[in-house]
Protein chains: 2
Amino acid sequence: MARTVVESRTRTVTIGFDEPFCVIGERINPTGRKKLAAELEAGDFSTVEKDALEQVACGAMVLDINAGVVYNSNPDPNQTEPPLMRQVLRTVMALVDVPLCIDSSVPAALEAGLEEVEGRPLLNSVTGEEERLEAILPLVKKYDVPVVAISNDDTGISEDPDVRFAVAKKIVERAADHGIRPHDIVVDPLVMPVGAMASAGRQVFTLVRRLRDELGVNTTCGASNISFGLPNRHGINAAFLPMAIGAGMTSAIMNPVRLVEMEAIRAANLLMDHDPNGGRWIGFSRVAEAVNAGASFPDAARAAADAGAGRGGRRGRRRSA
Amino acid sequence: MARTVVESRTRTVTIGFDEPFCVIGERINPTGRKKLAAELEAGDFSTVEKDALEQVACGAMVLDINAGVVYNSNPDPNQTEPPLMRQVLRTVMALVDVPLCIDSSVPAALEAGLEEVEGRPLLNSVTGEEERLEAILPLVKKYDVPVVAISNDDTGISEDPDVRFAVAKKIVERAADHGIRPHDIVVDPLVMPVGAMASAGRQVFTLVRRLRDELGVNTTCGASNISFGLPNRHGINAAFLPMAIGAGMTSAIMNPVRLVEMEAIRAANLLMDHDPNGGRWIGFSRVAEAVNAGASFPDAARAAADAGAGRGGRRGRRRSA
C-alpha cells in the first residue's frame, strides 16, 4: 500500500489508498492570473495570504505554491523565480501550517523552495522528459521528498493511455535507479477535456486503476481540466471527482474554495469508508447549510471550525475542573 | 455484453454496459405515501398522472408502477391489488409512452400487470426466497420479460456482500433452469445506509463490478437508501450515483424529479462516453440554469424539450421549403 507522507513543521498528511482524498489547493499560482502576477512582481503578497487562509479554511490539506511570474523588469525566471518562490513560501508558512507542494518548471526555483520549506514538501514535478528526469530526480533524492510525476515525455502528451502508462512506468523505474521508492511518486496520468476527447473520463479511470494495481503508486490530477470548454463545469467536476476516487485516485490539485466540488469529495470519502462515523460529513453539512443560507464558503467553514474549537475548549475546561 | 431490452408500445430502452444509465422513476408507489394511498383507494388518479408526467419530463426512461395499497375497506391485497394495478397502468399508458416496471409483492398483481401492459415491461421483482422463485420465474418465462432480482433469500438480507453475490448467482442459475437468460435479469445487490454500515458504499461498488464481470448481468438499486438517516442526503446520493456508474451499475430506481441527482447522472454519462458530443449535457445545462434562476425542474425540463421540438419543427420546415 503506497503511503506518501508530506509534512509541514508540525502537521503530517498521508496520501494513500486507505486515506481520505488529499485536496491540494491550486490557487497560489500566477499562471493565468495577471493581477496576482503583477502583485507578486510589486512585492504585494496580500492575495497570497488571502488564498492561503481561504483554501485551508475550505479544506485544502496541502497547498501548491507556484511563483512562475515572468517579470516585466527581468524576463529570466532563472534569476527572478527562486527568490520569489522563497518569499511566497515564507509568507504562506507564516500564516498556515499545512504541508506545501513546491511547483515550478524552473529547477532552481524548486531547489530554492526545498531549501526554504520546513518539513517534507511535495515536489511538483518531474516528467518523462530526459532533461527533466536528470534535473529533478537528484533533487528528490537529495532532499528525500515525494514528487509528482506527470506522464508526458519528449514526444509530448500522448492521447493513447497505454503510452501515458508506459511513461509513468519509465519515471518510476528511473526514480528507482536514483534510490527513490514508488511510494514517494504521485503520478498525474493527465486529464484531457472530455469536451475535446469523449473517452477522456474512462481513460483516466482505467489509468488510475492500472497505476494503483500495477505500479502501486498514488495519483493526482488537475481535476478541472476534465470540464474545460463545457457549460456547468462544476457539475462535471462534481461527478468526475467521486468517479476518480472510486477508481482509486488519491489526490487532486484543485480549487478547494468551491462548495460543489468539496461536497462531492466529502461524500466520496464517506462512501469509501474514509470518514469514521460520518463525523466529517455531518460537520460539512452544517457548512453547506450556512452557504445555502447566504454565507460565503470560507466564512461558513471558518465559523464551523471555530465552533468546533470552542466545543473542544469547553471540554478541556470541564476536564480540568 | 448484457443488453436488457424493455419496451413500451412504441419506445425501446436498453439497459446495458454501453448505454446511458437507465433512470427508473420510483414515485408511483403508495408505500409511505398515505395521501396517495387514500387517493388510489378512492379511485383518484390525479397524483399518478402528475407523477408520470413530471418524472418523464425530468428524464425518467422507465416508470416503476407499484399499486400496493392496503384498502381500509378490504385488507386482502390479493383481491384489491390486481385490479388497482391494471387501473394505474392504464392511466399511465394513456399519458406517457415510456416502458414500465411492474412492481408488486403480490404475484397476482404482477400477472395482472403483465396482461395489461403493452410492450415488454420489466418485472419487479424476484428474490432468492424459494416461494418467490417458484412463483415469479414461471411468469418471467411465460411473458418473456426481464426481471429485477433482489439479492436476499429465506435467511433475510445478509450484511456479507459475498452472501449477497451468492444469492444473485443462485437466482441467475435458477432462472437458467426456466430458460431465462442472464441478460433478462437485472440484479439489485441491495444498498445499505452508509450511516448504519460504514462499508456500505464500497460493498456496492465491489458487488456491482463482480456481478458484471462474473455473472454478466445488469444491475439496479434503490439509490437513495445509501444516504438514509444522514444530513444533506442529496449530496451523498449525487456522489454515490457517479461512483456506482463508474463501478458498472447500469440503472437505478430513484426519484428523477431532483436536479442534483439527475445532474450527477448526466455528468456521469458524459464521463463514461455515453453522451455523444456532449449534446445531452449541454441541453441539461440549460435546464439547470433555468432551475437556478427559479423555475421548477419539471417546468424547466418541459420548456427545454418544447424548445428542442420547436427547433426540430423549424428545421423540418426549412427542409420542406
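Since we're looking at a predicted model, the values are computed, not measured. Throughout, a chain's letter reflects where its sequence line sits, starting with A, and its residues are numbered from 1.
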Exercise for the section: Check whether B:Phe205 gets within reach of chain A through its side chain, its backbone, both or neither, counting any heavy atom under 4.5 Å. Expected result: side chain
Problem - Under 4.5 Å from any heavy atom of chain B - which part of A:Ala288 - result: side chain
Exercise for the section: Tell me, out of A:Gly201, A:Gly235, A:Ala244, who's got the most heavy-atom pairs with chain B below 4.5 Å. Expected result: A:Gly235
Problem - A:Leu241 CG to B:Met243 CE distance, which is reported to the nearest 0.5 Å - result: 10.5 Å
Problem - Per-residue contact mode, A:Ile265 against chain B (heavy atom under 4.5 angstrom) - result: neither
Handout entry: Reported CD-to-CD1 distance for the pair A:Glu263 and B:Ile236, which is rounded to 0.5 angstrom
Key = 9.0 Å
Exercise for the section: Kindly check if the number of other-residue, nucleotide or ligand heavy atoms within 6.0 Å of CZ (A:Phe17) is above 12? Expected result: yes
Completion exercise
Between the CE atom in A:Met197 and the CG atom in B:Asp273, the distance rounded to the nearest 0.5 Å is 11.0 Å
Practice task
May I ask you to decide if B:Gly195's main-chain N or O and A:Trp281's side chain share a donor-acceptor pair within less than 3.5 Å?
Solution key: no
Handout entry: Proximal component of A:Leu230, with respect to chain B [non-hydrogen, under 4.5 Å]
Key = side chain
Exercise for the section: Report, as yes or no, whether the 6.0 Å neighbourhood of atom CG on B:Asp213 holds more than 12 heavy atoms from other residues, nucleotides or ligands. Expected result: yes
Exercise for the section: Considering only heavy atoms and a distance below 4.5 Å, find which of A:Gly278, A:Ala264, A:Ser199 pairs most often with chain B. Expected result: A:Ser199
Problem - Enclosure of B:Arg233 CZ (heavy-atom neighbours >12, cutoff 6.0 Å) - result: yes
Practice task
Return the minimal non-hydrogen interatomic distance between B:Ala268 and A:Ala239, and the atom names on each side.
Solution key: N-CB, 4.2 Å
Handout entry: More than 12 heavy atoms from other groups under 6.0 Å of CG on B:Asp160
Key = yes
Problem - Rounded distance [0.5 Å steps], CG in A:Asn237 versus CG in B:Leu271 - result: 9.0 Å
Exercise for the section: Return yes when atom CD of B:Glu159 has more than 12 non-hydrogen atoms of other residues, nucleotides or ligands closer than 6.0 Å, and no otherwise. Expected result: no
Handout entry: Residues, nucleotides or ligands: over 12 heavy atoms within 6.0 Å of B:Arg302 CZ
Key = yes
Exercise for the section: Let me know if A:Arg209 has heavy atoms under 4.5 Å from chain B in its side chain, its backbone, both or neither. Expected result: side chain
Problem - Largest heavy-atom contact set with chain B, pairs under 4.5 Å, which of A:Pro231, A:Gly246, A:Ala267, A:Ser285 - result: A:Pro231
Exercise for the section: Please name the pair of heavy atoms, one in A:His274 and one in B:Arg202, separated by the smallest distance, quoted to 0.1 Å. Expected result: NE2-NH1, 3.4 Å
